[in-house]
There are 2 protein chains.
Amino acid sequence: MSRGRTLADPATPPRPAQSRIIDAALELFAEHGVGGTSLQMIAEEIGVTKAAVYHQYRTKAEIVRAVADAELDRLESVLDEAEADAAGRAGDAAAAAVARVVDLAVERRRQVSTLLNDPVIGRLYARDARLLGVLDRLDRLLVGPGAGPESKVATAMLVAAISGAVMHPLVAGQDDDTLRTYLVRIALRFLDLPA
Amino acid sequence: MSRGRTLADPATPPRPAQSRIIDAALELFAEHGVGGTSLQMIAEEIGVTKAAVYHQYRTKAEIVRAVADAELDRLESVLDEAEADAAGRAGDAAAAAVARVVDLAVERRRQVSTLLNDPVIGRLYARDARLLGVLDRLDRLLVGPGAGPESKVATAMLVAAISGAVMHPLVAGQDDDTLRTYLVRIALRFLDLPA
DNA sequence: GTCTATAGACCGATAGAC
DNA sequence: GTCTATCGGTCTATAGAC
């Protein structure tokens with residue numbers, strides 16, 4: 001068995017090129033929108049040429065997919081953590097989920113909201129099974145076994161409220177800690193949970 | 001005094017060309033984002049050539065400004081109406097404002113949310129005095145004299161929730177009346193007001 | 001106020017050398 | 001995996017006729 005650089009080697013990430021591309025793309029999508037971001041801009045951001053980017057992704061649409069999928073991965077990880085947090089204590093699952101989702105949104109203020117509301121990505125994911133599955137899972141975490149069609153709308157609104165508020169001009173001046181505290185408190189009140 | 005077509009003649013609007021441009025642009029911005037919308041698309045939407053559009057607005061940036069300003073006009077009018085509605089009865093101002101803002105958002109589902117969250121427009125208006133003034137006014141209408149940093153976060157969440165929900169796939173199937181009713185109920189819960 | 005025509009830059013995407 | 005070079009097409013914006 002060879003000892004050199006392999007796919008499983010943790011010291012050297014398997015695909016630095018691809019993750020550098022999606023990191024740069026995410027930043028630029030958030031700044032200029034998907035439609036306003038060119039492959040040229042992405043390539044320049046990471047210091048290579050367009051052709052090098054095309055070596056990793058065959059089309060711009062594939063890059064958009066990869067960026068959005070990576071963000072979905074983050075949301076799924078956060079839900080995993082929330083479930084682990086509240087393992088066994090059913091009542092705490094909702095509070096843990098709220099705290100984790102708020103953390104994620106505040107930590108990534110600049111990227112999250114624009115990405116979530118971009119019309120290109122919106123159309124791409126409106127009927128995406130994985131996104132709908134993650135939202136369902138969040139819905140069950142928040143309202144427990146009583147989840148139904150109405151609570152799904154409320155969950156969608158809460159997600160929109162949190163992700164939209166972190167970039168809103170009204171809260172532009174707030175530091176992260178203060179914003180986190182307010183968001184969690186208001187979200188819990190919205191869900192009729194004890195603060 | 002001549003009796004023909006004048007600027008004040010209500011039968012023939014003074015500048016149909018400009019309003020047709022911003023109407024078309026608003027629709028296309030909402031569908032493809034600002035960066036994904038070209039002057040060619042706007043011109044085709046209203047059945048003229050690019051040059052005709054450039055005769056009205058010298059740059060694309062001017063069109064973006066005009067579209068966003070027109071939307072701000074709408075929000076200001078709605079706040080005017082809400083204040084008139086609740087004149088003298090201080091407690092009703094918030095409920096009137098919620099109802100009016102929800103009406104505006106539902107009536108213009110397709111346009112409002114994307115426009116509000118577009119990164120290009122966001123950066124253009126993040127520090128715009130008029131926008132911040134309108135949002136502060138909304139904040140005071142909603143929470144009265146107790147407005148502070150936390151209520152601003154709540155107001156931001158409410159605006160984001162309403163504008164995000166009206167375009168959300170989970171809500172896309174709802175008819176306008178049902179959506180209005182549900183949004184008002186949820187909004188009042190956000191604000192801790194009696195339904 | 002609308003048109004045709006065009007300039008010059010940039011777009012997404014590909015070919016082929018190293 | 002990165003490069004140079006290039007394709008055909010679209011972009012913003014302008015010039016000038018009607």
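Protein chains get the first letters and strands the later ones, always in sequence-line order, with residue 1 at the start of each. Computed from a predicted structure; not experimentally measured.
- Regarding A/Y57, its OH atom lies at a distance of 17 Å from the P atom of C/dT14, rounded to whole Å.
- Geometric assessment of A/R65 against the ring of A/Y125 yields a positive cation-pi assignment under the 6.0 Å and 45° thresholds.
- Geometric assessment of A/R189 against the ring of B/F190 yields a negative cation-pi assignment under the 6.0 Å and 45° thresholds.
- With rounding to whole Å, B/H55 atom NE2 is found 15 Å from D/dA15 atom P.
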Tabulate below the donor-acceptor pairs under 3.5 Å that side-chain atoms of residues 175-183 of chain A make, not counting sequence neighbours, or state none.
residue, atom, partner, partner atom, Å
A/D175, OD1, A/T178, OG1, 2.7
A/D175, OD2, A/D177, N, 3.3
A/D175, OD2, A/T178, N, 3.3
A/D175, OD2, A/T178, OG1, 3.3
A/D176, OD1, A/R109, NE, 3.2
A/D176, OD1, A/R109, NH2, 2.8
A/D177, OD1, A/R180, NH2, 2.8
A/T181, OG1, A/D177, O, 3.0

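- Between the P atom of C/dG12 and the CG atom of A/L28 lies a distance of 12 Å, rounded to the nearest Å.
- The side chain of B/A52 lies closest to C/dC3, out of C/dC3, D/dA13, D/dT2.
- Between the CD1 atom of B/I21 and the C1' atom of C/dT2 there is a distance of 12 Å, given to the nearest Å.
- Taking every side-chain heavy atom of B/K60 into account, D/dT12 is the closest of D/dT2, D/dT12, C/dA13.
- Using a 4.0 Å cut-off, some side-chain N or O of A/S38 falls inside it from OP1 or OP2 of C/dC11.
- Here A/T49 does not reach the OP1 or OP2 of D/dT2: none of its side-chain N or O atoms lies under 4.0 Å away.
- Of the listed nucleotides (D/dC3, C/dT6, C/dT2), C/dT6 has the atom at the smallest distance from the side chain of B/K50.
- A/V166 and B/L132 sit in two unconnected hydrophobic clusters of ILVMFWY residues. Membership requires side-chain heavy atoms under 4.5 Å apart, directly or through other members.
- Between A/E44 atom CD and D/dC3 atom P the separation is 12 Å, expressed in whole Å.
- No donor-acceptor pair closer than 3.5 Å links the side chain of A/K50 to the backbone N or O of A/S38.
- For the OP1/OP2 pair of D/dT10 and a distance below 4.0 Å, the side-chain nitrogens and oxygens of B/Q40 include no atom meeting the criterion.
- Rounding to whole angstrom units, CZ of residue A/R20 and P of D/dG1 are separated by 12 Å.
- Side-chain proximity of B/Y54 to the nucleotides D/dT12, C/dA13, C/dG1 is greatest for D/dT12.
- In terms of position along DNA chain C, the nucleotide closest to A/M41 lies nearer the 5' end than the nucleotide closest to the other residue of the pair A/M41 and A/A51.
- With rounding to whole Å, A/L39 atom CG is found 19 Å from D/dG9 atom P.
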